[in-house]
Amino acid sequence: MATAASPASPVLRGVQPLRAGQGHSFLWRKLHSLSGIVPIGAFLVEHILSNFEALNGPLAYAQQVKFLNSLPLVRVLEWAFIFIPLAFHALYGVFIAFRGRASVNVYPWAGNWMYLTQRVTGLIALAYIVQHVWRQRFSGVSLPEHPGAAFAKVQHELANPWMLAIYIIAMIATCWHFSYGIWLFAAKWGITPGDRARKRFGYVCTALGIVLTVMGLASIYAFVGPKYQNAPADVMPTQSADVTLPAPTVAPPNSTNPSQPGEVR
């Protein structure tokens, strides 16, 4: 007996649901999720920890920059584990963001707000990272060859109030994007099955995001705060981590050796 033909399935816009074995989207989005944790997330944590050395002054910060640029095959590592994965994660993230559809105006649920916030913070982080990498890595004084100029270079950039505001907003957005990205990664990869596990892990991710944000904002304050105002344009990184940097315009009392490690030249 003939049956009525079923109506054609409606064409859905936006990113289709992930289904294993169906098309390439599943693989690409899995790689996108993974790249946000390793290596990009790991680099973000390292970057915040390294910048935290700015609280110890220009010399300590220069020593950290010198150490990172003295790692074996550092340029290969830089491109293979930072620039290329970051480009993939960012470009595919933009593709997902613009193909997706936010529905907070119709369904103002927490999950929808998180979906929207994750994409907005990702776009903010991308815009910030592009200008930050260009200004700090590829323009002006080359920090790999002159690590002693690192503190002054950042301080000079943050002297602009607009740039300072951009740094603060971007730091908060980036830490949010990463911490919530960890939660999404654990859920998508089956690490936290069930609502109870996801809720508990959400507290862990929230705590991590707060810690990273506080550390990042503290590092920014180190560059603009009163303690290291008008840092010298260049310092000489030494092997000793215990050497302190005197004020750039006042010589240490009873000093007879102007070439003592840690002094400004």
For residues [X] and [Y], report the shortest heavy-atom separation together with the two atoms involved.
X      : Y      : value
Ala152 : Ala231 : CB-O, 4.4 Å
Lys153 : Val141 : NZ-O, 2.8 Å
Leu59  : Pro237 : CD1-CA, 4.0 Å
Pro85  : Ile40  : O-CD1, 3.4 Å
Trp176 : Met114 : CH2-SD, 3.4 Å
Ala62  : Gly148 : CB-CA, 3.7 Å

Contacts of Glu78 that satisfy salt bridge (charged side-chain N to carboxylate O under 4.0 Å, His left out) - sequence neighbours left out: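 Salt bridge (charged side-chain N to carboxylate O under 4.0 Å, His left out) list for Glu78, sorted by chain: Arg75, Arg137.
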About how many Å separate [atom2] of [Y] and [atom1] of [X], when rounded to the nearest 0.5 Å?
X      : Y      : atom1 : atom2 : value
Gln118 : Leu123 : CD    : CG    : 10.5 Å
Thr213 : Leu208 : OG1   : CG    : 9.0 Å
Asn69  : Gln64  : CG    : CD    : 10.0 Å
Phe43  : Ile48  : CZ    : CD1   : 10.0 Å
Ile124 : Ile172 : CD1   : CD1   : 10.0 Å
Gln63  : Phe67  : CD    : CZ    : 12.0 Å

Does one hydrophobic cluster hold both [X] and [Y], with members joined at side-chain heavy-atom distances below 4.5 Å?
X      : Y      : value
Leu49  : Ile37  : yes
Leu77  : Leu44  : no
Leu217 : Val211 : yes
Phe88  : Phe81  : no
Phe223 : Ile166 : yes

Thr174 side chain to Ala125 backbone, donor-acceptor under 3.5 Å: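 No: the side chain of Thr174 does not pair with the backbone of Ala125.
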Okay, side chain of Ser33, backbone of Lys30: is any donor-acceptor separation there less than 3.5 Å?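 Pair absent, no side-chain N/O of Ser33 close to backbone of Lys30.
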side-chain contact (heavy atoms from CB on, under 4.5 Å) evaluation trace for Leu212 with Ile210: CA-CA 6 Å; Leu212 291 177; Ile210 292 174; over 6 Å; no
Derivation of the side-chain contact (heavy atoms from CB on, under 4.5 Å) call for Leu68 and Val74: CA-CA 8 Å; Leu68 293 175; Val74 63; over 6 Å; no
Within a strict 4.5 Å, meaning less than it, do heavy atoms of the [X] and [Y] side chains meet?
X      : Y      : value
Phe151 : Val235 : no
Arg119 : Phe98  : no
Pro226 : Tyr221 : yes
Ser179 : Thr206 : no

More than 12 heavy atoms of other residues, nucleotides or ligands under 6.0 Å from [atom1] of [X]: yes or no?
X      : atom1 : answer
Leu71  : CG    : yes
Trp189 : CH2   : yes
His132 : NE2   : yes

In residues 197-205, what donor-acceptor pairs under 3.5 Å come from side-chain atoms, sequence neighbours left out?
residue: Arg198; atom: NE; partner: Thr192; partner atom: O; Å: 3.1

Does the pair Val45 and Phe178 meet the rule for a side-chain contact (heavy atoms from CB on, under 4.5 Å), with working shown? CA-CA 10 Å; Val45 174; Phe178 173 61; 3.9 Å; yes
Relative to the ring of Tyr167, is the ring of Tyr128 parallel (under 30°), tilted (30 to 60°) or perpendicular (over 60°)?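 Taking Tyr167 first and then Tyr128, their aromatic rings stand perpendicular (interplane angle over 60°).
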Taking the six-membered ring for Trp, are Tyr228 and Tyr61 ring centroids under 6.0 Å apart?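 That pair fails the under 6.0 Å test.
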Evaluate the criterion side-chain contact (heavy atoms from CB on, under 4.5 Å) for residue pair Gln136 and Glu157; output intermediate values, then yes/no. CA-CA 9 Å; Gln136 291 295 323; Glu157 183 170 355; 2.4 Å; yes
